[in-house]
Protein chains: 2
Amino acid sequence: MLSEERIEYYRNLGLKITPQRLAILEYLEKHFTAHPTAEDIYRYVKERFPSMSFATVYNTLEALKERGLVKELYIEEGKKRFDLNVQPHHHFYCTSCGRLIDLHEGVKVEISERFKNKLNILEIRVFFLGICDRCQG
Amino acid sequence: MLSEERIEYYRNLGLKITPQRLAILEYLEKHFTAHPTAEDIYRYVKERFPSMSFATVYNTLEALKERGLVKELYIEEGKKRFDLNVQPHHHFYCTSCGRLIDLHEGVKVEISERFKNKLNILEIRVFFLGICDRCQG
DNA sequence: GTGTTTGCAAAGAATTTGCAACGAA
DNA sequence: TTCGTTGCAAATTCTTTGCAAACAC
C-alpha cells in the first residue's frame with residue numbers, strides 16, 4: 001500500500017495514477033532489488049486486476065522509464081528486466097540459479113587516462129558472473 | 001578465405017565443416033571486433049548462399065558457443081550479439097551511435113574482501129556507456 | 001469535458017523447433 | 001554408409017501497436 005505522499009510524488013511527475021499503475025508501483029517498491037521482468041509484474045498484478053494486459057505493464061514501465069524512475073537491463077537473456085533502483089550500482093549474476101544481486105559498494109573501477117580522454121564515459125556498470133553464496137557447496 | 005590450418009583447427013573441435021559454416025567463420029574472423037547480431041551474419045552469408053536460413057546461422061553459432069569459440073552478449077537491446085573474442089575484455093557502448101568498442105587494457109576492478117569471500121566470482125565484465133570519440137563535438 | 005490510459009487483438013521482432021532431404025567424413 | 005547439417009515453415013517468446021471504450025483529473 002503506497003502512502004499518500006508517495007502517490008503525490010508520482011502524480012507530480014506527470015503520471016496519471018490509475019489503480020493498475022498503483023499496483024505496479026507497489027510491486028516495484030516492494031520488490032526493489034528483484035529486477036523483475038514484465039512477466040513477473042504482469043503475473044503479480046493480474047491477481048488483483050484479472051483484466052490486466054501486458055500492454056498496460058509495458059506502457060506503465062515506459063512511462064516510468066521516461067521519468068527516470070526505472071532502468072531497463074538486459075542480463076544474459078533476450079528479455080528486459082526492470083530496475084527501480086536507478087542509483088548507479090553493480091550486479092552479480094549467479095550462473096547456477098540465475099539470481100541477480102545488487103552490489104552498491106566494495107567495487108572500484110580504475111580507468112587509464114587514455115580512455116578517459118578519448119571516450120566520454122557517462123556510466124560504468126560492472127557485471128560479475130559466478131556462483132552465489134546460496135549455491136556454493 | 002580461411003587457411004587449411006584454420007579449417008583443420010575447427011574440424012578438430014568436432015565441427016563438420018560445411019561451405020555455409022566456412023562462410024560464417026570467415027565473416028566472424030574478418031569482423032573480429034564487430035559483435036555482430038545473427039541478422040548481420042545472415043545478411044552477409046546470404047549473398048554467397050542465397051538459400052541460407054536463419055536456422056543455420058543460429059545452429060552454427062550454438063555449435064561454436066558449445067566449443068567456447070564465441071560468447072553471447074546482450075547489450076542494451078533484446079537481441080544477441082556474438083563475440084568471437086572470448087578472452088576476458090570489457091566494452092564501451094556509445095549511446096549516440098550504438099558502436100561497441102572492445103577495451104582490453106586500461107581497466108582495473110577492485111573488489112572488497114567481503115564480496116570475494118561470499119561470492120565465487122568467475123568473470124568480471126565492465127560495461128561503459130557514454131559518447132565515443134567519433135560522436136563528440 | 002479533455003486527453004490519457006486501458007485492454008483486447010493483431011502485428012512485429014528475435015529465436016527455436018520439427019522434419020525431410022542433403023552432404024561431410 | 002552414417003550421422004550431423006541444412007533449410008523451409010511453423011511455432012514460441014517477448015515486445016509493440018491500433019483503436020475503441022473507460023477513466024483520471
Side-chain angles (χ1 to χ4, degrees), chain A residues 2 4 7-25 27 35-67 69-82 98, chain B residues 2 4 7-25 27 35-67 69-82 98:
Chain A
L2 260 60
E4 264 311 319
I7 294 174
E8 204 52 37
Y9 165 71
Y10 287 118
R11 219 193 303 268
N12 286 339
L13 286 166
L15 280 177
K16 282 204 175 170
I17 300 303
T18 65
Q20 292 90 337
R21 287 186 168 181
L22 267 185
I24 292 172
L25 287 167
Y27 178 85
H35 314 89
T37 62
E39 170 87 33
D40 296 330
I41 299 166
Y42 173 76
R43 274 208 310 269
Y44 174 86
V45 180
K46 179 110 180 161
E47 285 179 21
R48 303 191 212 170
F49 294 91
S51 70
M52 166 72 51
S53 78
F54 267 107
T56 298
V57 175
Y58 282 112
N59 284 344
T60 300
L61 289 166
E62 181 62 28
L64 295 177
K65 197 182 78 176
E66 283 168 6
R67 289 161 180 81
L69 297 170
V70 300
K71 263 189 184 174
E72 288 177 356
L73 295 177
Y74 289 96
I75 304 279
E76 299 302 278
E77 269 176 297
K79 57 186 164 187
K80 293 181 182 177
R81 286 164 181 261
F82 297 92
Chain B
L2 260 59
E4 262 312 318
I7 294 175
E8 204 51 37
Y9 164 72
Y10 287 118
R11 218 192 304 268
N12 286 339
L13 286 165
L15 280 178
K16 280 203 178 171
I17 300 303
T18 65
Q20 292 91 335
R21 288 186 167 182
L22 265 186
I24 292 173
L25 287 168
Y27 177 85
H35 314 90
T37 62
E39 170 87 33
D40 295 331
I41 299 165
Y42 173 76
R43 274 208 309 270
Y44 175 86
V45 180
K46 180 110 180 159
E47 285 178 20
R48 304 191 212 169
F49 294 92
S51 70
M52 166 72 52
S53 77
F54 267 107
T56 298
V57 175
Y58 283 112
N59 283 345
T60 300
L61 289 165
E62 182 62 27
L64 295 177
K65 196 181 78 176
E66 282 168 5
R67 289 162 179 80
L69 296 171
V70 300
K71 262 189 184 172
E72 288 178 355
L73 295 177
Y74 289 95
I75 303 278
E76 299 302 278
E77 269 175 297
K79 58 185 164 187
K80 293 180 182 177
R81 286 164 180 261
F82 297 91

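Fair warning: this is a prediction, and the values are worked out from it, not measured in the lab. Throughout, protein chains are lettered first and strands after them, A, B, ... in sequence-line order, and every chain is numbered starting at 1.
- Reading DNA chain D from its 5' end, the first and the last nucleotide to sit under 4.0 Å from a heavy atom of chain B are D:dC3 to D:dC8.
- The side chain to side chain donor-acceptor pair (under 3.5 Å) test applied to B:Y27 returns no partner, not counting sequence neighbours.
- Note that CZ of B:R11 and CD of B:E8 are 5.0 Å apart. Values are rounded to the nearest 0.5 Å.
- The separation between B:L61 atom CG and C:dT16 atom C1' is 13 Å, rounded to whole Å.
- Contacts with DNA chain C (heavy atom under 4.0 Å) in residues 14-22 of chain A: A:K16, A:T18, A:Q20, A:R21, listed by number.
- B:E39 meets the side chain to side chain donor-acceptor pair (under 3.5 Å) test with B:R43; sequence neighbours excluded.
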Using a 3.5 Å cut-off and no angle test, enumerate the donor-acceptor pairs between side-chain atoms of residues 51-60 of chain B and protein atoms at least two apart in sequence or in another chain.
residue: B:S53; atom: OG; partner: B:A55; partner atom: N; Å: 3.3
residue: B:S53; atom: OG; partner: B:T56; partner atom: N; Å: 3.4
residue: B:N59; atom: ND2; partner: B:A55; partner atom: O; Å: 3.3
residue: B:T60; atom: OG1; partner: B:T56; partner atom: O; Å: 2.9

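- Taking each heavy atom of A:R81 and A:G98 in turn, the nearest pair found is NH2-O, 4.1 Å.
- Taking the salt bridge (charged side-chain N to carboxylate O under 4.0 Å, His left out) definition, one finds that B:E66 meets it with nothing, sequence neighbours left out.
- Rounded to 10 degrees, the angle separating the terminal axes of the helix from C:dG1-D:dC25 to C:dA25-D:dT1 is 40°, with each axis obtained from five end pairs.
- Considering only residues two or more places apart in sequence or on other chains, A:K16 meets the side-chain contact (heavy atoms from CB on, under 4.5 Å) condition with A:R21.
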Every protein N/O lying under 3.5 Å from an N/O of nucleotides 12-14 of chain C:
residue: C:dA14; atom: OP1; partner: B:K79; partner atom: NZ; Å: 3.2

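- Applying the side-chain contact (heavy atoms from CB on, under 4.5 Å) criterion to A:L2, with sequence neighbours excluded, gives A:R6, A:I7, A:Y10, A:L22, A:L25, A:E26, A:E29.
- Between the B:D40 side chain and the B:T37 main chain, a donor and an acceptor come within less than 3.5 Å of each other.
- Here B:E76 contributes atom CD and A:L73 contributes atom CG; the two are 8.0 Å apart, rounded to the nearest 0.5 Å.
- Nucleotide C:dT4 holds its P atom 13 Å from the CG atom of A:N59, rounded to whole Å.
- Taken to the nearest 0.5 Å, the NZ atom of B:K80 stands 4.5 Å off from the OH atom of B:Y74.
- For the pair A:F82 and A:K71, the minimum side-chain heavy-atom distance is 4.5 Å or more.
- Contacts of B:K46 classified as side chain to side chain donor-acceptor pair (under 3.5 Å), with partners at least two apart in sequence or in another chain: B:Y42.
- The stretch residues 48-57 of chain A touches DNA chain C through A:S51, A:M52, A:S53, A:A55, A:T56, each having a heavy atom under 4.0 angstrom from the strand.
- Side-chain contact between A:L15 and A:L64 is present, with heavy atoms from C-beta onward closer than 4.5 Å.
- Residues B:I24 and B:F49 form no side-chain contact, since every pair of their non-hydrogen atoms from C-beta on lies 4.5 Å or further apart.
- Going from atom CZ of A:R67 over to atom C1' of C:dT5 covers 12 Å, rounded to whole Å.
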